Amino acid sequence: MADTPARAPTISHEDEKRLQAQLGNAQNQQATYVLNETNEKRTYQDGAFLPTSTLYFKNCNNCEYIIDSMSTKVLIESCNNVSITINQKVVTGLVDIWKCENVSFETAVKVGTLQVDMCKGVKTVYKKKDDMVTIVWAGVESLDISLLDTGDQLSTGFSKMKEENQALNLKEDVDQFIVRHLNNKIECELIVRLSNGFPTTEREASAFDKRQEENLRKLASDAGITLGKKKGPKKPGQNEPCHCGSGKKYKKCHFNLDV
């Protein structure tokens, strides 16, 4: 496999504007572009680019890349049959895979958020459980996740989540999901929006409500006040917004789950 220094190929004005929007306004950030490559095998050795660089892979086909140099972010767009291995720190912990097919992503370092959108056939391998913090995905088919140190695995995707949650009327271009290691296994949950727009999951929202009630009862008890048992919330009408805050009609969301 060739050891090739970072290159700076040309990039369209449209792609550059979108990339700059992703980079933000920090003036010290730079970009290393890997564009329109086919049948390439390359290792980026330590120091191949500045640690402030964002790596941007686009329109690459049948390629293998090993990244042994520190970077700020990694963006992978419109690539097919591509393997990318990260062995050095990603400063922001952000990796974005978008509109790709048959991509293999392996990391030996912690990735805070792996964002996967509008893809088909994505395999992610983490050498250690602690290297996987969150995976947020939408519009993805065939997402496979493996943790080498624990042996935990999960295969998910939109069709599978829709089949498992038929009462929720999931939409591929709207709904997002989050994957984390919880309760000694990899779990995938639907992201819901609270009334204030805050993203969470049904499990976390219920746990938060329970903690609030317990804290209130403790404060009341310390003050010598006895609270009655809290009544459950009034169920909305079938055509009213669901109580979970998803914005969907109750009959197409939690209606069947509340029966």
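No experiment lies behind these values; they were computed from the predicted model shown. Side chains included, hydrogens not; waters and symmetry mates left out as well; all remaining heavy atoms used.
Side chain of S146 to main chain of L148: no donor-acceptor pair is present (N/O by atom type, distance under 3.5 Å, no hydrogens or angles). Between the side chain of T72 and the main chain of P51, a donor-acceptor pair closer than 3.5 Å is present. Under a 3.5 Å cut-off, the side chain of K160 and the backbone N or O of S155 do form a donor-acceptor pair. A donor-acceptor distance shorter than 3.5 angstrom exists from the side chain of T150 to the backbone of D152, with no hydrogens or angles considered. Listed for the T134 side chain is a donor-acceptor partner under 3.5 Å among the backbone atoms of G112. Between the S78 side chain and the N59 main chain, no donor and acceptor come within less than 3.5 Å of each other.
Looking at heavy atoms from C-beta onward, Y126 lies out of side-chain contact with V109 at the 4.5 angstrom threshold. Looking at heavy atoms from C-beta onward, L55 lies out of side-chain contact with Y33 at the 4.5 angstrom threshold. Two residues are said to be in side-chain contact when any heavy atoms from C-beta on lie closer than 4.5 Å; V82 and Y65 meet this criterion.
Within the structure, ring-ring contact (aromatic ring centres under 6.0 Å, His included) contacts touching residues 143-166 (residues at least two apart or in different chains) do not occur.
Under the salt bridge (charged side-chain N to carboxylate O under 4.0 Å, His left out) criterion, K127 pairs with no residue, sequence neighbours left out.
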Would you give me the side-chain donor-acceptor pairs under 3.5 Å for residues 115-123, sequence neighbours excluded?
unit_1	atom_1	unit_2	atom_2	d
Q115	NE2	D117	OD1	3.3
Q115	NE2	D117	OD2	3.1
D117	OD1	A138	N	3.4

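Around CG of N39, the count of heavy atoms belonging to other residues, nucleotides or ligands within 6.0 Å exceeds 12.
Linking Ile, Leu, Val, Met, Phe, Trp and Tyr whenever their side-chain heavy atoms come within less than 4.5 Å puts M161 and L190 in one cluster.
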